[in-house]
Amino acid sequence: MPAEFRIVRTPGALTTAMEAWKRSGYRVALVPTMGALHAGHLALVAEGLKHADKVAASIFVNPKQFGPLEDLDKYPRDEAGDAAKLQAAGCELLYAPSLADMYPPGFASYVKVAGLPDRLCGAVRPGHFDGVATVVSKLLAASRADVGVFGEKDWQQLAIIRRMAADLDLGTRIIGAGIVRDDDGLALSSRNMYLSVGERAQALALPKALAAAREALNGGAAVAPVLAAAHLALAQAGFNRVDYVELVDGETLMPLDAVAVGARLMAAGVVGTTRLIDNAAV
Ligand code: PAF
């Protein structure tokens, strides 16, 4: 267990702590989160420790990335439990700002990446990725992190953050960390706790459909029927809504009609009232 663990709550305190580490010659990583930490988040800390000497994490449930009908109010919050998990994982600094610390009265700026947020999840969550880009640019700017670590489960988010960090010369290298799954194959997500036992069984159709589609595509099957079969499998498993099943270029997120280097299978849908996403390399 690391000797040190501190919680800071203002952007200035975060900058001071990270700059002090950098002056001592340490490379520093930031793992941005919204809390309710599970093994997937702790894998991000482990990934950070591969690329940096010191890992800080942030916990901030960012209202700007929730739509008016989304789960901002019921989003799980457990700062003390999260802090203990982070410390045990080797994280030494937690940035947990209040709403007013992050967005003081008069706050009027936002960061919008053009293009990449328009499709996939962005098509059903208008404004979501502007909220993500805004808060992540603030987190990276205040932290001065050498490395920022984000989960590959949110592949579209990762692509947008990579673009934003490069475009804005933020000086932070963005690292993607692989998807962590439960034993049954479901990708870990803070939102899985909303699923009833029956819904969780239905949700397993998502990783199964992606695995079957990946196998078919890797075996040379044509893209359109494979995607249609995956879509149908989700609907038949009881998904209330299938938002998309697509094969895209992993960087531009544009649809592909044939497998290519860097291709990514992406899917999203709603089980009960819980929206789930998942993806796989092809
Ligand atoms: O992936 C998340 O948990 C959030 O979107 C992030 C990157 C912490 C920004 O609020």
Side-chain angles (χ1 to χ4, degrees), residues 11 14 29-45 47-48 55-67 70-79 81-83 85-86 89 91 93-99 101-103 107 109-113 116-117 120-122 124-143 145 147-165 168 170 172-180 187-194 253 266 268 274-279:
L14 175 64
L30 182 73
V31 176
T33 81
M34 298 207 300
L37 302 182
H38 50 62
H41 296 109
L42 303 179
L44 303 182
V45 174
E47 188 66 31
V55 173
S58 64
I59 296 179
F60 179 66
V61 182
N62 174 33
K64 290 191 188 298
Q65 69 187 77
F66 286 77
E70 292 184 350
D71 55 344
L72 174 62
D73 293 336
K74 71 167 182 170
Y75 200 84
R77 291 165 170 86
D78 173 20
E79 186 184 300
D82 288 344
K85 289 177 192 167
L86 287 169
C91 169
L93 182 71
L94 169 60
Y95 175 45
S98 69
L99 191 56
D101 288 322
M102 185 61 89
Y103 301 122
F107 184 91
S109 303
Y110 74 102
V111 175
K112 182 181 178 65
V113 176
L116 290 174
L120 304 167
C121 288
V124 283
R125 302 185 72 188
H128 166 70
F129 288 117
D130 301 341
V132 171
T134 300
V135 81
V136 172
S137 61
K138 282 173 62 66
L139 290 166
L140 296 182
S143 70
V147 172
V149 191
F150 297 84
E152 289 186 348
K153 185 176 77 71
D154 297 284
W155 187 270
Q156 186 174 16
Q157 167 174 285
L158 179 60
I160 290 167
I161 289 169
R162 281 191 204 285
R163 182 77 265 156
M164 188 259 311
L168 300 184
L170 290 180
T172 302
R173 189 156 72 95
I174 304 301
I175 308 269
I179 300 175
V180 180
L188 296 190
S189 163
S190 306
R191 291 191 166 101
N192 290 352
M193 65 176 74
Y194 300 151
L253 306 180
M266 314 268 288
T274 305
R275 190 165 181 282
L276 300 172
I277 60 175
D278 201 347
N279 67 83

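Note: hydrogens, waters and symmetry copies are ignored here, and every other heavy atom, side chains too, is used. In listed order, ligands and their atoms are each counted from 1.
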Once you restrict both partners to nitrogen or oxygen, which atoms of ligand 1 have a protein partner under 3.5 Å, and how far apart are they?
{"from": "ligand 1", "atom 1": "1 (O)", "to": "Gln157", "atom 2": "NE2", "distance (Å)": "2.8"}
{"from": "ligand 1", "atom 1": "5 (O)", "to": "Gln65", "atom 2": "NE2", "distance (Å)": "2.9"}
{"from": "ligand 1", "atom 1": "5 (O)", "to": "Gln157", "atom 2": "OE1", "distance (Å)": "2.7"}
{"from": "ligand 1", "atom 1": "10 (O)", "to": "Gln65", "atom 2": "OE1", "distance (Å)": "2.6"}

Residues which pass ring pair (Phe, Tyr, Trp, His ring centres under 6.0 Å) with Tyr110, listed by chain and number, not counting sequence neighbours: none
Exceeds 12 heavy-atom contacts within 6.0 angstrom, atom CZ of Arg163: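 No, because the 6.0 Å sphere around CZ of Arg163 holds 12 heavy atoms or fewer from other groups.
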Gln65 side chain near Val135 side chain, heavy-atom distance below 4.5 Å: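 They are in contact (side-chain heavy atoms under 4.5 Å apart), so the answer is yes.
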Within-4.5 Å side-chain heavy-atom neighbours: Lys64 and Val132: no
Lys NZ or Arg CZ of Lys112 over Phe129 ring: under 6.0 Å, within 45°: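 Judged by the rule, Lys112 and Phe129 form no cation-pi pair.
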Arg191/Asp71 ion pair, N-O < 4.0 Å: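 Counted as a salt bridge, because a side-chain N and a carboxylate O are separated by less than 4.0 Å.
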